[in-house]
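Sequential numbering from 1 along the given sequence is applied to the chain's residues.
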Amino acid sequence: MLSFLTKPGILLASGFLVAVHYAAGVRWNDLTVILPLAVASFAASSAASRFITFGNRTKTRPLGQNALIIGATCYEDLCDRIGRHPLARPVGYLFTGANGELLFRNDAGEETPSTLDEVLDANVIDGVLMVDSSERLDPDDILYSSSIRGKTFQTLMRTPLAPAGRYRTEALGAGEYLLSHESVPPRGIPLAIKRLMDLVGAIIGLFFCGLAYAVLARRIKRETNASVIFSQTRVGRNGRLFTVYKFRTMQVWAEKRQTELLKQNEMTGHMFKMRDDPRVTPLGRLLRKLYIDELPQFWNVFKGEMSLVGTRPPTPAEVACYEPHHQRRLSMKPGVTGLWQLYGNDEVTDFEEVVELDCRYIDTWSIWQDCRIIFRTFLRVARAGGY
């Protein structure tokens, strides 16, 4: 706490000093002396605060309010349970002895038989920190005794270590809390902003999709002898099926011949990719190079089935072959663009690397990251980097 108070205080005081001297008409030559002094004072305060902060960690007890520690026998035992976190300043420890009796060890190391009420009434205690419970140390009784005396009550909660994601608690009332582990960004304002970006982007994208349809529809029909818009079932967030739309870039019999081309698949794993695919029409190759074939997907974005930025939407056949850790890439909406389209489309040949890119996007997601990916996508389209 001292670290956080000292540096801003010195910085503000130095800035105020410079401002006052400047308003009083002090010459610039004088300011050249004052400014280095202000910088030096700030640097000194930083060094002092770091010394105070880290120096206190080596002492026998951390900074904080006076706390009764319940369930630990000494400071070393407390540190073994919670690490050397400055959560409290222990004034004593209440624990169950070898014979089942309650023992209180004060800060001097003296042990005496005692009860929780006796300890709370006989010592200056601001809060109670429970790190373990037993038959004699019931959490309900401890909470009641603490709260009626106006003491802060804290309890250590142990949760399984998850490979990714974050924990969140939600009060349900009547002393009950729901602990959630979320491996995707929690719903809230950031995701609402993302959805708003999707709607705005979808409206703009559909406008250009209409223009492209008017220009390309006749030639696409002539080359493929099929409908202009190609539709295919894809797997969305957490296994939801939806129909994705694209401008048709392949012959109408393309899906039937895919099994014949599996030996030429450039990807390792549950994904098919082929640079010189013989099923692609001459116009289709140009549309893919310029990413124009993706424009109808803005209708999926508008409907909420996809997002502007997300993971690559797989087919049901691909998902059927997934291993458990592959399922995680389905935990967010698929996107028109994403890290795979930017960094893996040309270079990555292993499906596991595709999963890694998608999971990296999920773990580090932010509005700023989406904006950056959209900007880089525009640069890639300008360079005609698709295939």
Quiz item: Taking everything shown except I189 itself, do over 12 heavy atoms lie less than 6.0 Å from its CD1?
Solution: no

Quiz item: R219: what forms a side-chain contact (heavy atoms from CB on, under 4.5 Å) with it, not counting sequence neighbours?
Solution: R222, E223, L283

Quiz prompt | Side chains of T152 and V128 in contact at under 4.5 Å (non-hydrogen atoms) | solution = no

Quiz item: Given the rule in the side chain to side chain contact (heavy atoms under 4.5 Å, CB included) test, do C359 and V355 qualify, once you have shown the distances and angles that lead to the verdict?
Solution: CA-CA 6 Å; C359 290; V355 175; 4.0 Å; yes

Quiz item: Going from CG on L295 to CZ on F208, what distance comes out if it is rounded to the nearest 0.5 angstrom?
Solution: 9.0 Å

Practice problem: With rounding to the nearest 0.5 Å, note down the distance linking CG in N225 to OG1 in T281. | Solution: 11.0 Å

Quiz item: In the single-linkage hydrophobic clustering (I, L, V, M, F, W, Y; side-chain heavy atoms under 4.5 Å), do M130 and Y144 co-cluster?
Solution: no

Quiz item: Do F95 and R105 come within less than 4.5 Å of each other through their side chains, counting heavy atoms only?
Solution: yes

Quiz prompt | Spacing of CG belonging to L94 relative to CG belonging to L102, to within rounding of 0.5 Å | solution = 5.0 Å

Quiz prompt | Heavy-atom closest contact (V124 atom, V91 atom, distance) | solution = O-CG1, 4.0 Å

Practice problem: Can you see which heavy atom on S331 is nearest to which on N238, and at what distance? | Solution: CA-OD1, 3.5 Å

Self-check item: Reported CG-to-CD distance for the pair D363 and E356, which is rounded to 0.5 angstrom
Solution: 10.5 Å

Quiz item: Does I220 share a hydrophobic cluster with V215, counting links as ILVMFWY side-chain heavy atoms below 4.5 Å and allowing steps through other members?
Solution: yes

Quiz item: Taking C-beta and beyond as the side chain, do V280 and R288 meet within less than 4.5 Å on heavy atoms?
Solution: yes

Quiz prompt | Sequence-distant partners of A317, side-chain contact (heavy atoms from CB on, under 4.5 Å), two or more places apart | solution = T315

Quiz prompt | Contact summary for L241 and P316, nearest pair of heavy atoms | solution = CD2-CG, 4.2 Å

Quiz prompt | Approximate separation, where rounding is to 0.5 Å, of T337 OG1 and E294 CD | solution = 8.5 Å

Practice problem: Output all residues satisfying side-chain contact (heavy atoms from CB on, under 4.5 Å) with A217, sequence neighbours left out; order by chain, then residue number. | Solution: Y213, V228

Quiz item: So, does N66 use its side chain to make a donor-acceptor pair with the main chain of G127 at under 3.5 Å?
Solution: no

Quiz item: Can you check whether F104 reaches L68 side chain to side chain, under 4.5 Å on heavy atoms?
Solution: yes

Quiz item: Quick one: does Q232's side chain get under 4.5 Å of T243's, heavy atoms only?
Solution: no

Quiz prompt | Ring center gap for Y291 and F378 short of 6.0 angstrom | solution = no

Self-check item: Audit row: L116, D141, side chain to side chain contact (heavy atoms under 4.5 Å, CB included) steps and yes/no
Solution: CA-CA 9 Å; L116 174 62; D141 296 337; 5.8 Å; no

Practice problem: Tell me, please, which residues at least two apart from Y245 pass side chain to side chain donor-acceptor pair (under 3.5 Å). | Solution: none

Quiz item: Under a single-linkage definition using a 4.5 Å side-chain heavy-atom cutoff for Ile, Leu, Val, Met, Phe, Trp and Tyr, are I374 and I193 assigned to the same hydrophobic cluster?
Solution: yes

Practice problem: Compare all side-chain heavy atoms of R218 with those of K221 and state whether any distance is below 4.5 angstrom. | Solution: no

Quiz item: Who pairs with F302 by ring-ring contact (aromatic ring centres under 6.0 Å, His included), at least two apart in sequence or on another chain?
Solution: W299

Practice problem: Apply the test side chain to side chain donor-acceptor pair (under 3.5 Å) to residues T364 and Q369: give CA-CA distance (whole Å), side-chain angles for both, the deciding distance (0.1 Å), then the verdict. | Solution: CA-CA 8 Å; T364 61; Q369 178 175 254; 3.0 Å; yes

Quiz item: Hey, which of K333, R237, K194 is the one that makes side-chain hydrogen bond (donor to acceptor under 3.5 Å, both in side chains) with S307?
Solution: K194

Self-check item: Exercise: identify the closest heavy-atom pair between F247 and C209
Solution: CZ-O, 3.8 Å

Quiz prompt | Shortest non-hydrogen separation from G236 to P334 and the atoms involved | solution = CA-CD, 3.9 Å

Quiz item: Ignoring hydrogens and geometry, is there a side-chain-to-backbone donor-acceptor pair from D198 to L308 under 3.5 Å?
Solution: yes

Quiz item: Are any side-chain N or O atoms of N123 and backbone N or O atoms of I125, one a donor and one an acceptor, separated by less than 3.5 Å?
Solution: no

Exercise. Flag yes if F207 and F298 sit in one hydrophobic cluster, no otherwise; membership is Ile, Leu, Val, Met, Phe, Trp, Tyr, and two members link when side-chain heavy atoms are under 4.5 Å apart.
Key: no

Self-check item: Side-chain heavy-atom pair M306, V336 within 4.5 angstrom cut-off
Solution: yes

Quiz prompt | Short side-chain to backbone donor-acceptor contact, Y361 and V309, under 3.5 Å | solution = yes

Exercise. Check the hydrophobic clustering (I, L, V, M, F, W, Y; side-chain heavy atoms under 4.5 Å; chains of links allowed) and say if V301 and L199 are grouped together.
Key: yes

Quiz prompt | Main-chain N/O of S145 paired to R149 side chain as donor or acceptor, under 3.5 Å | solution = yes

Self-check item: Rounded distance [0.5 Å steps], CE in M332 versus OG1 in T311
Solution: 8.0 Å

Exercise. Just do the side chain to side chain donor-acceptor pair (under 3.5 Å) check on R285 and T249 with the steps written out, would you?
Key: CA-CA 7 Å; R285 201 170 302 280; T249 58; over 6 Å; no

Quiz item: Is it true that R328 and D358 make a salt bridge, defined as a side-chain N closer than 4.0 Å to a carboxylate O?
Solution: no

Exercise. Would you indicate whether the side-chain heavy atoms of L287 and L216 approach each other to under 4.5 Å?
Key: yes

Quiz item: What is the minimum heavy-atom distance between W340 and L357, and which atoms define it?
Solution: CA-CD1, 4.1 Å

Exercise. Give a yes or no on whether the backbone of R312 and the side-chain of R329 come within a donor-acceptor separation of less than 3.5 Å.
Key: yes

Practice problem: Let me see the working for Y322 and V235 under side chain to side chain contact (heavy atoms under 4.5 Å, CB included), right down to the final yes or no. | Solution: CA-CA 12 Å; Y322 277 9; V235 181; over 6 Å; no

Quiz item: Quick one: side chain to side chain donor-acceptor pair (under 3.5 Å) partners of E352, sequence neighbours excluded?
Solution: H325, H326

Practice problem: State whether the side chain of R376 and the backbone N or O of I373 hold a donor-acceptor pair below 3.5 Å, judged by distance alone. | Solution: no

